[in-house]
Visitor: 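This structure is in structure tokens; I'll ask about it shortly.
Just so we're clear, the structure is a prediction, and the values are computed from it rather than from any experiment. Side chains included, hydrogens not; waters and symmetry mates left out as well; all remaining heavy atoms used.
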Amino acid sequence: MTIRALLAAFFLLYGLLIPVAAPAFMEANFFATQAMMGSCLVISVLLWSGRALLLNILIAFYVFKVYLTRPYVDVFLPKLNSGQMDYINFNNAYFNPSDAAVVYLSLLSLLLAWLFGLLIAQPKKTRVVTPPWIFRRMDQIVSTANFRFWLVLILLGVLTYTPSTEVWQWRSTGEGSPLFAFGLLNMEIIYFACLAVFLVSLQPGVRKASPILVVPILVSAVLGTAGGGRGALFNVMIFTFLYWIYLNSGKRIGTRDLKRIIVLILLLPIVIFSGLSAQLISPLLRTGAGVADPGIIWGEILASLDVFNPDNPLVTTVYFGLTELLHRVSSLQAQFLIMNDHFINIPWESYNPLQSMMRTINDLVPGELFPNMLGINQLFHHIYFNEGVTYSSHMWSIQGTLYLYFGLWLSPVIVVLMAYAVGRYYPQWGHLAKISPTFALFLIFLVNDLIENGTFERVIPVDVVRPLTSFLGVILLVKLADMLFAATRRLKPAPLGAS
């Protein structure tokens with residue numbers, strides 16, 4: 001059995017077992033459960049077909065994480081005390097059977113439309129294509145990884161580093177220090193590029209890369225967790241897993257593959273622990289954003305990570321922390337409010353293509369070309385809660401954006417057209433994603449954010465412009481370092497006694 005077939009079988013079996021594994025959820029949410037089972041079937045067919053495989057792997061993971069884990073998010077609820085239970089129920093108050101039926105049946109219709117569009121599309125004949133120059137050059141720089149590359153990487157890492165207290169201060173008040181290079185250099189994408197190049201180097205017939213390439217993203221994940229990022233280490237593990245699946249999708253499962261899967265499962269407790277730790281750290285950083293002495297904050301953080309202390313909240317509230325994480329993973333509030341028209345301010349007045357373009361331009365240029373506009377991180381609370389906030393992490397999702405732009409019935413038609421276009425041209429993209437790690441990284445991050453966030457205001461600046469400017473910045477600085485050290489060698493004085 002191939003890895004792709006195993007993945008397709010997993011989704012089929014998962015869907016069939018929902019009524020058995022979650023009977024109470026099915027009884028309370030019958031139509032939503034039927035739509036979940038149908039979605040599992042469609043995803044299984046998508047993966048089995050092999051069409052647009054990388055995109056379908058990303059879609060399958062997103063749907064599983066956000067929509068299909070919902071029946072099990074309250075598995076630890078009976079172990080919580082009354083106060084913790086009230087907190088969880090308050091944050092989950094949006095979830096009800098009638099609204100769930102709308103959201104999940106809409107999801108099923110979009111997946112069916114995507115499948116139909118891919119099946120009717122006749123892929124164009126694949127010709128020999130090479131990655132664009134920026135990806136070829138980045139692949140070459142990272143795969144060789146000479147000391148000039150590491151020098152540039154460390155230099156940019158230091159220059160672009162923002163202390164976690166400043167990040168939380170910006171989220172709380174909107175104030176913070178100016179970003180280096182106007183925020184156009186995103187070092188995390190470079191660290192992930194190092195990881196992607198290393199993963200490709202593990203494939204048969206590919207020149208082996210140094211394992212040191214994994215170090216930058218691990219350091220970034222640790223710093224991210226210490227800064228209150230619940231998904232810092234989780235994102236690294238998931239990217240590794242999904243890209244490995246894509247690279248080996250047609251391969252039959254062997255002993256080595258089983259060992260890697262077992263290692264991944266054994267790493268899950270570490271990932272969960274990092275998420276629970278970040279969940280405890282973030283309130284400390286939020287309340288201490290204005291503390292003059294960072295040592296006070298870090299002292300409290302280190303104390304909170306002492307798992308051998310029986311009074312440590314990480315130990316005493318582990319079930320509450322796990323329940324919070326599960327609800328965070330299956331975050332559906334945005335879809336429920338959008339798809340069921342639970343708005344206070346009319347969405348189209350502020351969330352439309354024209355204003356999306358204006359907000360995107362504001363995000364890309366210094367200052368504000370279009371003043372007095374709500375940012376995308378403020379807009380959701382304005383529309384659905386009539387509240388003014390500095391920062392909100394709600395994900396609109398592609399499902400929500402399609403509904404707001406095209407409505408419930410026209411959205412599947414738009415998805416069919418999108419899937420048809422993708423089905424025609426995907427073979428070239430898929431080929432490039434296998435031969436160019438940085439192109440694959442670019443495509444994965446772009447598609448994932450388009451599906452999960454669904455707003456052009458985020459996708460264009462964060463997933464198109466900043467990765468490309470980051471790659472270009474590294475390429476130019478490495479070239480400058482090459483020239484500088486070459487000039488230094490030319491200017492080196494001759495040894496004494498030389499003629």
Visitor: Please report the shortest heavy-atom distance between Tyr72 and Ala22, naming the atom on each side.
Guide: CE2-CB, 3.8 Å
Visitor: Using a 4.5 Å cut-off on heavy atoms from C-beta on, say whether the side chain of Met373 contacts that of Glu368.
Guide: no
Visitor: Quick one, Ile18 and Met26 - any side-chain contact, counting heavy atoms below 4.5 Å?
Guide: no
Visitor: Hey, does Trp114 have a side-chain heavy atom less than 4.5 Å from the side chain of Val422?
Guide: yes
Visitor: Is it the case that atom OH in Tyr62 sees more than 12 heavy atoms from other parts of the structure closer than 6.0 Å?
Guide: yes
Visitor: Within the structure provided, determine whether Tyr405 and Pro347 are in side-chain contact (heavy-atom separation under 4.5 Å).
Guide: no
Visitor: With under 30° as parallel and over 60° as perpendicular, where do the rings of Phe192 and Phe445 fit, or are they tilted in between?
Guide: perpendicular
Visitor: I'd like to know whether CZ of Phe456 has more than 12 heavy-atom contacts from other residues, nucleotides or ligands below 6.0 angstrom.
Guide: no
Visitor: Do Asp74 and His327 get their side chains close enough for a donor-acceptor pair, meaning under 3.5 Å?
Guide: yes
Visitor: Can you check side-chain contact (heavy atoms from CB on, under 4.5 Å) on Ser350 and Leu379, steps first, answer last?
Guide: CA-CA 8 Å; Ser350 51; Leu379 194 58; 3.5 Å; yes
Visitor: Evaluate the ring planes of Tyr319 and Phe76, with Trp represented by its six-membered ring, and classify them as parallel (under 30°), tilted (30 to 60°) or perpendicular (over 60°).
Guide: tilted
Visitor: Tell me whether the centres of the aromatic rings in Tyr104 and Phe31 are closer together than 6.0 Å.
Guide: no
Visitor: How close do Gln335 and Val103 get, counting heavy atoms only, and between which atoms?
Guide: O-CG2, 3.8 Å
Visitor: How far apart are the closest heavy atoms of Ser106 and Ser109, and which atoms are they?
Guide: O-OG, 2.6 Å
Visitor: How many angstroms lie between OG in Ser330 and CG in Asn92, if you round to the nearest 0.5 Å?
Guide: 8.5 Å
Visitor: Answer yes or no: is there a donor N or O on one side and an acceptor on the other, between the side chain of Asn29 and the main chain of Phe25, under 3.5 Å?
Guide: yes
Visitor: For the residue pair Thr225 and Leu233, what are the closest heavy atoms and their distance?
Guide: OG1-N, 4.3 Å
Visitor: Could you check whether atom CH2 of Trp429 has more than 12 heavy atoms from other residues, nucleotides or ligands sitting under 6.0 Å from it?
Guide: yes
Visitor: Within a 6.0 Å radius of atom CG on Leu258, are there more than 12 heavy atoms belonging to other residues, nucleotides or ligands?
Guide: yes
Visitor: Scan side-chain atoms only and decide if Asn340 and Tyr94 contain a donor-acceptor pair under the 3.5 Å cut-off.
Guide: no
Visitor: Can you tell me how far the CG atom of Leu402 sits from the CD1 atom of Ile398, to the nearest 0.5 Å?
Guide: 4.5 Å
Visitor: Less than 3.5 Å apart, any donor N or O on the side chain of Thr401 or Tyr351 sitting next to an acceptor on the other?
Guide: yes
Visitor: When you measure from the side chain of Asn453 to the backbone N and O of Asp449, does any donor-acceptor pair fall under 3.5 Å?
Guide: no
Visitor: Check the pair Asn248, Trp244 against side-chain contact (heavy atoms from CB on, under 4.5 Å), reporting the backbone distance first and the verdict last.
Guide: CA-CA 6 Å; Asn248 298 276; Trp244 176 79; 3.1 Å; yes
Visitor: Centres of the Phe320 and Tyr87 rings: under 6.0 Å?
Guide: yes
Visitor: Roughly how far, to the nearest 0.5 Å, is CD1 of Ile444 from CG of Leu54?
Guide: 5.0 Å
Visitor: Using every non-hydrogen atom in the two residues, find where Ile120 and Gly117 come nearest and quote the distance to one decimal.
Guide: CG1-O, 3.4 Å
Visitor: Could you measure the distance from the CE atom of Met418 to the CG atom of Leu55? Nearest 0.5 Å is fine.
Guide: 10.0 Å
Visitor: Would you indicate whether the side-chain heavy atoms of Phe336 and Val102 approach each other to under 4.5 Å?
Guide: no
Visitor: Are any side-chain N or O atoms of Ser220 and backbone N or O atoms of Ile217, one a donor and one an acceptor, separated by less than 3.5 Å?
Guide: no
Visitor: Say whether, by atom type as modelled, one donor and one acceptor occur between the side chain of Ser277 and the main chain of Phe273 under 3.5 angstrom.
Guide: yes
Visitor: Give the intermediate values and the outcome of side-chain contact (heavy atoms from CB on, under 4.5 Å) for residues Met237 and Leu268.
Guide: CA-CA 9 Å; Met237 187 188 74; Leu268 275 177; 3.5 Å; yes
Visitor: Check whether any side-chain heavy atom of Thr69 lies under 4.5 Å from a side-chain heavy atom of Leu326, and answer yes or no.
Guide: no
Visitor: Does the side-chain contact (heavy atoms from CB on, under 4.5 Å) test come out yes or no for Asn56 and Leu118, once each step is laid out?
Guide: CA-CA 11 Å; Asn56 284 332; Leu118 289 179; 3.7 Å; yes
Visitor: Is there a donor in the side chain of Glu457 and an acceptor in the side chain of Thr360, or the other way round, less than 3.5 Å apart?
Guide: no
Visitor: Please confirm whether the backbone N or O of Val236 pairs with a side-chain atom of Thr240, one donor and one acceptor, at under 3.5 Å?
Guide: yes
Visitor: Do Pro467 and Asn186 touch side chain to side chain, with heavy atoms closer than 4.5 Å?
Guide: no
Visitor: Is the closest side-chain donor-acceptor distance between Gln84 and Thr317 under 3.5 Å?
Guide: no
Visitor: Minimum heavy-atom separation for Ser411 and Phe406, please, with both atom names.
Guide: OG-CB, 4.0 Å
Visitor: Could you tell me how the ring of Tyr14 sits relative to the ring of Phe10: parallel (under 30°), tilted (30 to 60°) or perpendicular (over 60°)?
Guide: tilted
Visitor: Does a donor on one side chain sit under 3.5 Å from an acceptor on the other, for His382 and Glu387?
Guide: no
Visitor: Just wondering, do Gln399 and Tyr67 contact through their side chains at under 4.5 Å, heavy atoms?
Guide: yes
Visitor: May I ask you to check whether Asp99 and Asn96 show a side-chain donor-acceptor distance below 3.5 Å?
Guide: yes
Visitor: With rounding to the nearest 0.5 Å, note down the distance linking CD1 in Ile383 to CZ in Phe343.
Guide: 9.5 Å
Visitor: How many angstroms lie between atom CE of Met339 and atom CG of Leu332, to the nearest 0.5 angstrom?
Guide: 11.5 Å
